[in-house]
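To start, the structure under review is shown below, and the notes come after it.
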Amino acid sequence: MKLRRKMLVWIVLPTLTIYVVVLGITMTRLSESARLETEQRMSRLAANYAARFDAAFRAAAAVADTTARQLTRSPVESEDAIFDILRGNVEHDPLIHGAAMAFEPGTLKPADVLYAPYVHRNGDQLAQMNITRDIYDWYRDDQWQWWHLPKKMRRGVWTAPYFDDGAGSVLMTTYATPFFNGDAFHGVTTVDIMLPNLREKIGREILGRPEFVILTDDAQYVYHPKKELIMTFIDFDGELALSRPDLVDVVRDIISGEAGVATVDGWDTPEPQSIFYAPIASTGWAFAIRLPQREVLATVRQNTITAVTALAATLALIVGCIWFISGRITRPIEKLRAKALEIAGGHLEVRVDDIHEKGEIGDLADSFNTMTADLRSHIERLASEEAARAKMERDLNLARDIQQGLLPREVPPLPGYDLAGWSQPADQTGGDYYDWQLLPNGRLAVSLADVTGHGIGPALVTAVCRAYGRASFPSQEALAVLMNRINDLLHEDLELGRFVTFVAGFLDASTHRMDLLSAGHGPLLLFTAADQRVQAFDAHGIPMGLDSDVGYGPPQVIEFAHGDMLVLMTDGFFEWANAQGEQYGVERLIDVIGASHDRAAEEIIERMVTSVRAFVGDVEQDDDLTAVVLKRTSDAHTE
């Protein structure tokens, strides 16, 4: 059958037949589809709103978590310093109404004294106080969850809504997290969120007109547009269960921890309602929006009518156009088909010279005439590109060999010490390096650097940084002077936005004393044999290359006892994440170092590498790995 006749038979007749059937059911199907699409959109919207609330709660919780970590690392004993921290916490986030720091009796104050400094908003000002037994006994009374829950669980937790009579004197929920002195519980630090202000502080920014509620997992209102309902519970076994069991099922779904949508035939109004809900992950609460179905489906009806109208108009146009253009299209198409079959058979010299149509058919005919030339050109280009790629691969391998050649190959003679280093770039070349050199005064210079990024550019910077260090260290000037000089040189060389984290130390093996300075590189890990503990030190200054007027120093002094060990490594170790997105972390690295302290320096590095690779599994390395271990092994050279 000819192509034109096929077009008429295969398109027009089936289309007309199907159209008669489709037109009768289009309204119903489009309506259902649009309704589902609208519900999915609103469900995503509810999840988005819940995520924003979650982010706000997480941001507030992060203030308390940061304070707890700070108190665990560096206990604060001055009352003025405590109130300064609490005022800063309240001012940090407008959502935070108040912040407290409650200490375990017998730690900061005598055992019979309750000590809980508290700062809260009072109009446009901040007020401060101490929550003692005269206000309420938060230590012995189990109702004060903000003290008892984090103490028992030893982690941060959000409390159920409560009225803090006597302290904040407002309806609130609290995030409380413990801080420790070593492993011993020392107290909790908190942030309070005033519940009636949730809409003003957060909701109005993201929601606009729709009203929302927030429920705990036991169906207590954390937030409701009607303030008198906040803190009340939905009674599953009372009148609601008898009169509206369908609503009970909906509420149970909302607080189940899952996202979804529900439809009920009226709630407090007779018209049907749509409820969209999603969990707030950080608190375990649930967020829900309620809208009348007429609003949810307002666009559905309009879209359905528009779609049906467009369908009818399109069908009419299709029938007319097919009849008109089928004759003009089919003739040149059949000619092109014949030529295409020849090209498919491998005859690339075929040309189409007898088609003089304009537009797409004419363009297609011209394309046939240039196809063989384009194919030959493409084949030649692929061969050229393959050769260029091979050359680039050889150049990168050469660059990798050169960079690896810059790393120290031999350990200098250093009686009484064991020294090892290791580096593996993420690409052929990397942005890390380590180095050591014996200085004219007999001291050993050890350095390690991490340039932003990895690849050819950072590799060049590491070579320059190594050259500056090797040229500067033998001058026997103070370490701080040399660090400032290297920073000035790098600041002149590096483009804006690129920098180097750099750590260097000068070890005098005769006195077992090392001067150590870190420019933005941390943590620095020191194992002390006396107490079998690994300490983590932060950087002593900003990374190199950012500012020419930094002023590094004075250096940190480390006095090595027998068995003490310094471990320097780049962030590729502890920032490498597994398939679940969890980073290896510094704590795991500290555990490996502590468990391997009696091993040789080289074996310690091997265990670090083995541990992190076992943790990440099949996840590819995406950052350079570099480590140096310096360990005192004997009392040689002791004066």
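Taking 4.5 Å as the limit, every side-chain heavy atom of Asp141 sits out of range of all side-chain heavy atoms of Tyr136. A 4.5 Å side-chain heavy-atom check between Trp158 and Trp285 finds at least one atom pair inside the cut-off. At least one side-chain heavy atom of Tyr162 sits less than 4.5 Å from a side-chain heavy atom of Met172. In this structure, the side chains of Val76 and Met101 stay at 4.5 Å or more apart for every pair of heavy atoms. Taking 4.5 Å as the limit, some side-chain heavy atom of Gln532 sits within range of a side-chain heavy atom of Phe527. Under the 4.5 Å side-chain criterion, counting only non-hydrogen atoms from C-beta, Tyr115 is in contact with Ile82. Looking at heavy atoms from C-beta onward, Ile234 lies in side-chain contact with Leu215 at the 4.5 angstrom threshold. Counting heavy atoms from C-beta outward, Tyr552 and Ile542 have side chains that approach closer than 4.5 Å.
Asn487 places a side-chain N or O within 3.5 Å of a backbone atom of Asp547 that can act as its donor or acceptor partner. Checked by atom type and distance alone, the side chain of Arg121 pairs as donor or acceptor with a backbone atom of Ile96 at under 3.5 Å. Here the side chain of Arg498 pairs no donor or acceptor atom with the backbone of Gly545 at under 3.5 angstrom. A donor-acceptor pair under 3.5 Å is formed between the side chain of Gln145 and the backbone N or O of Ala160. Of the possible donor and acceptor atoms, one in the side chain of Asp624 sits under 3.5 Å from a partner among the backbone N and O of Ala426. Checking side-chain atoms of Thr159 against main-chain N and O of Thr174 turns up a donor-acceptor pair under 3.5 Å. A donor-acceptor contact shorter than 3.5 Å links the side chain of Asp54 to the backbone of Ser282. Not a single donor-acceptor pair under 3.5 Å links the side chain of Asp192 to the backbone N or O of Ala99. Distance alone, capped at 3.5 Å, places no donor-acceptor pair between the His97 side chain and the Thr173 backbone. A donor-acceptor distance shorter than 3.5 angstrom exists from the side chain of His521 to the backbone of Met569, with no hydrogens or angles considered.
For the residue pair Leu114 and Thr132, the shortest heavy atom distance occurs at O-CG2, 3.8 Å. Here the shortest heavy-atom pairing between Phe287 and Ala46 reads CD2-O, 3.7 Å. Closest approach of Ala449 and Val500 over heavy atoms only: CB-CG1, 3.9 Å. Nearest approach of Pro279 to Ala50, heavy atoms of both residues: O-CB, 3.5 Å. Heavy atoms only, all atoms of each residue included: Pro555 and Leu479 are closest at CB-CD2, 4.3 Å. Looking at every heavy atom in both residues, Trp138 comes nearest to His148 through O-NE2, 3.1 Å.
Here CZ of Arg44 is found 10.5 Å from CG of Asn48. Values are rounded to the nearest 0.5 Å. The structure places CG of Leu525 at 9.5 Å from CZ of Phe537, a figure rounded to the nearest 0.5 Å. The OG1 atom of Thr190 lies 8.0 Å from the CG atom of Leu86; values are rounded to the nearest 0.5 Å. Rounded to the nearest 0.5 angstrom, Trp144 CH2 and Asp137 CG are separated by 10.5 Å. Rounded to the nearest 0.5 Å, atoms CG (Leu524) and CD1 (Ile558) are 7.5 Å apart. For the atom pair Asn484 CG and Leu517 CG, the distance stands at 8.5 Å (nearest 0.5 Å).
A side-chain donor from one of Thr216 and Asp218 sits under 3.5 Å from a side-chain acceptor of the other.
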- Would you check, one step at a time, whether the test side-chain contact (heavy atoms from CB on, under 4.5 Å) holds for His92 with Val191? CA-CA 11 Å; His92 179 82; Val191 292; over 6 Å; no

- Message: Checking Asp623 against Trp576 for the side-chain contact (heavy atoms from CB on, under 4.5 Å) test, could you report, in this order, the C-alpha distance in whole Å, the side-chain angles of both residues, the deciding distance, and whether it holds?
- Response: CA-CA 8 Å; Asp623 198 3; Trp576 198 350; over 6 Å; no

- Walk me through it: do Thr570 and Asp450 pass the test side chain to side chain donor-acceptor pair (under 3.5 Å)? CA-CA 7 Å; Thr570 55; Asp450 184 357; 4.9 Å; no

- Item | Trace of the side-chain contact (heavy atoms from CB on, under 4.5 Å) decision for Val550 with His491 | CA-CA 11 Å; Val550 176; His491 183 261; over 6 Å; no

- Query: Does the side-chain contact (heavy atoms from CB on, under 4.5 Å) test come out yes or no for Phe506 and Arg513, once each step is laid out?
  - Reply: CA-CA 8 Å; Phe506 288 171; Arg513 177 189 176 100; over 6 Å; no

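Heavy-atom contacts from other residues, nucleotides or ligands closer than 6.0 Å to CD of Glu258 number 12 or fewer. Around atom CG of Asp84, more than 12 heavy atoms belonging to other residues, nucleotides or ligands sit under 6.0 Å away.
Ring pair Tyr118/His120 is parallel by interplanar angle, where below 30° counts as parallel and above 60° as perpendicular.
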Atom pairs and distances, donor-acceptor, side-chain atoms in residues 175-186, under 3.5 Å, two or more places apart:
{"residue": "Tyr175", "atom": "OH", "partner": "Asp65", "partner atom": "OD1", "Å": "2.8"}
{"residue": "Tyr175", "atom": "OH", "partner": "Asp65", "partner atom": "OD2", "Å": "3.2"}
{"residue": "Thr177", "atom": "OG1", "partner": "Asp65", "partner atom": "OD1", "Å": "3.4"}

